[in-house]
Amino acid sequence: MNRALNYLRASRASEIASLQRLLRTGEQITAISELIHVLQRERGASNIWLCSAGRLFGEELAQRAAEVELREKRAMAVLPEAEAQPGYSRFCMLIATALQALDGLPALRQQVHSRTVTQAQAMDAFNHIICTLLNLVFEAADTASEPDISRALIALFSFMQGKELAGQERATGSAGFAAGEFTETQRQRIQALIAAQEQSFATFSQFSDAENLQRWQAIADAGSQIERLRRIACTGAQCGENGVLQWFSLLSSRLDQMKQIEDTLCATLMNRCQCAIAAAQHSESPPIAIGEEASFSLYIAGASWLSGVETTLDSNGLAPQLGRSVLALIREQSQRLQTQADELASMRASLDERKIIDQAKSWLMQQHGFSEQDAWQALRKSAMNQNKRVLEIALAVLAVAATLKA
């Protein structure tokens, strides 16, 4: 039974180490969140500059670039060391991809400033950089093993994803308003972005804590002014140059409100990590206390005087009191792990669905030259037409892909 106690201690120590690693990951996610927010601002300013033929937001470009460089330094400072660690292979690969994307920022800025890149090309470049950073958050959500922390991570990732889609809506709308009219592609893209935001925020609502959900519900309604401008964008109505300033201001204010919720979600994640570590450290003491009790409960013949109560050896050579205590600990640990496994299975199902849908979108993009939003819209439209879930359509697409590959 002493060996069982040793393994229980090892289990608890491993759990604490895992939680401490998650805490460090939470610090990294917080820094990444700040970096993404300022990148979204730079993307919006760049779109307006390009689509207004250099008339608007020229001064904004340098200011936004400086903000990004500052946040990038802070994010780099909290990244893990580039050292081999068990279970870190994929995370390190994603970090390498994100760093490589960020290295392309200076050249992209030069092209934007000289207007030698189109608005669509600049938009795709910024989107790619932000996507590589969001992948780091998704990876953390996909690998967390503590249910409460997994919930916080999934809520945070879903909210960040929804906010990024809102940022893309701001950038796309800014381009149209700055140009004085919207193309058919831009109109369809805004509609798809609005629909995708709803999906992301629905997932967030499923996993969020009550306090942050209440904060979101208070600002979830876009407001009459934004809806009016959305109608102009989606119907192809004429819009003056002043429309871009109003659109950018309203959407930026809404994104800043989202950022405040994102900050509280990061704080919630950090708090749950710290609480879990404290709980694990606190619960480490009972096995140690029982181990100490073992020196008094292990019997050499006739030692009942130690407790003042008549006790006998069980088949393992332990006093029944100690045997029951250790077995209770093992059962408690087993039940807790089973509860965690059940909750994580539900959460993993949501993450697995996203992976399947992403794979289907990727195949459609490769086969038909769709953009990511076009691919999502195709899946969504097919699901609505057939009265099925998007996941079912995605699985059917992947089945077709596998057949063609074979």
Side-chain angles (χ1 to χ4, degrees), residues 36-37 39-52 56-57 118-128 130-131 134 158-202 204 219-258 357 361 364-365 368-384 390:
I36 289 175
H37 188 63
L39 274 167
Q40 289 166 339
R41 286 179 173 175
E42 185 177 6
R43 177 181 57 195
S46 298
N47 273 8
I48 294 175
W49 164 259
L50 290 170
C51 289
S52 67
L56 300 173
F57 278 35
T118 67
Q119 176 270 330
Q121 290 170 335
M123 178 88 166
D124 287 343
F126 276 109
N127 290 354
H128 172 68
I130 292 171
C131 180
L134 280 172
S158 300
F159 194 85
M160 290 179 73
Q161 187 180 47
K163 177 173 171 285
E164 164 55 10
L165 293 166
Q168 290 186 27
E169 182 191 4
R170 176 180 65 180
T172 304
S174 295
F177 280 114
E181 62 180 356
F182 286 83
T183 65
E184 179 62 27
T185 300
Q186 287 173 328
R187 291 198 295 270
Q188 291 179 356
R189 184 170 179 79
I190 287 178
Q191 292 170 356
L193 286 168
I194 292 170
Q197 286 175 61
E198 292 175 357
Q199 184 188 37
S200 292
F201 291 129
F204 157 75
I219 69 164
D221 184 6
S224 59
Q225 289 181 301
I226 293 177
E227 289 298 338
R228 180 180 65 83
L229 292 172
R230 277 176 170 175
R231 283 195 296 273
I232 292 174
C234 294
T235 58
Q238 292 294 317
C239 51
E241 194 172 85
N242 288 337
V244 68
L245 300 177
Q246 186 181 19
W247 170 265
F248 192 80
S249 175
L250 288 170
L251 269 291
S252 294
S253 176
R254 189 162 188 261
L255 282 166
D256 287 343
Q257 288 178 306
M258 289 184 188
I357 292 171
K361 286 194 299 184
L364 289 173
M365 290 163 68
H368 301 288
F370 287 166
S371 68
E372 184 177 0
Q373 290 303 325
D374 290 338
W376 161 249
Q377 193 67 10
L379 291 172
R380 185 169 176 270
K381 185 176 180 180
S382 182
M384 291 174 65
V390 173

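Scope of the values below: all heavy atoms of this structure, side chains included, with no hydrogens, waters or symmetry mates. Note that this is a predicted model, so its numbers are computed, not measured.
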If you take all heavy atoms of Ala122 and Leu50, which pair is closest and at what distance?
CB-CD1, 3.7 Å
Atom pair CE/CG of Met384 and Leu379 - distance to nearest 0.5 Å:
13.0 Å
If you measure from CD on Gln161 to CZ on Phe201, what distance do you get to the nearest 0.5 Å?
9.5 Å
Does the side chain of Glu169 come under 3.5 Å of the side chain of Gln197 through a donor N or O and an acceptor N or O?
yes
So, do Leu165 and Ser200 sit near enough that their side-chain heavy atoms are less than 4.5 Å apart?
yes
Are Leu229 and Phe177 packed together at the side-chain level, in the sense that at least one heavy-atom pair is separated by less than 4.5 angstrom?
yes
For the pair Asp256 and Arg41, find out whether any cationic side-chain nitrogen is under 4.0 Å from an anionic carboxylate oxygen.
yes
What's the shortest heavy-atom distance between Ala233 and Ile190, and which atoms?
CB-CD1, 3.7 Å
Exceeds 12 heavy-atom contacts within 6.0 angstrom, atom CD of Gln257
yes
Shortest non-hydrogen contact from Met123 to Ala171?
SD-CB, 3.6 Å
Return the minimal non-hydrogen interatomic distance between Ser174 and Ile48, and the atom names on each side.
CB-CG1, 3.5 Å
Met258: which of Lys163, Met160, Glu164, His37 passes side chain to side chain contact (heavy atoms under 4.5 Å, CB included):
Lys163
Heavy-atom closest pair (Ser252 atom, Arg170 atom, distance to 0.1 Å) is OG-NH1, 2.9 Å
Between Glu184 and Arg189, does any side-chain N to carboxylate O distance fall below 4.0 Å?
no
Do we see a donor-acceptor contact under 3.5 Å between the side chains of Asn127 and Arg43?
yes
Within-4.5 Å side-chain heavy-atom neighbours: Gln40 and Gln168
no
Drop me the distance from Arg230's CZ to Thr235's OG1, to the nearest 0.5 angstrom.
13.5 Å
If I take atom CG from residue Asp124 and atom OG from residue Ser371, how far apart are they, to the nearest 0.5 angstrom?
8.0 Å
Going by atom types only, do Ser249 and Gln246 share a side-chain donor-acceptor pair under 3.5 Å?
no
For residues Gly173 and Phe182, report the shortest heavy-atom separation together with the two atoms involved.
O-CZ, 3.5 Å
When you look at Phe126 and Ser46, which way does the side-chain contact (heavy atoms from CB on, under 4.5 Å) test go after all the steps?
CA-CA 10 Å; Phe126 276 109; Ser46 298; 3.7 Å; yes
How far apart are the C-alpha atoms of Gln121 and Thr118, what are their side-chain angles, what is the distance that settles it, and do they pass the side-chain hydrogen bond (donor to acceptor under 3.5 Å, both in side chains) test?
CA-CA 5 Å; Gln121 290 170 335; Thr118 67; 3.3 Å; yes
Can you measure from CG (Leu193) to CD (Gln188) and round to the nearest 0.5 angstrom?
12.0 Å
Mind checking whether Phe57 and Phe248 have parallel, tilted or perpendicular rings, split at 30° and 60°?
perpendicular
For residues Gln186 and Thr172, is any side-chain donor paired with an opposing acceptor at under 3.5 Å?
no
Is the shortest side-chain heavy-atom distance between Glu372 and Met365 below 4.5 Å?
yes
Working to the nearest 0.5 angstrom, can you tell me the gap between Leu56 CG and Leu245 CG?
6.0 Å
Could you tell me whether Gln199 atom CD has more than 12 heavy atoms of other residues or ligands within 6.0 Å of it?
yes
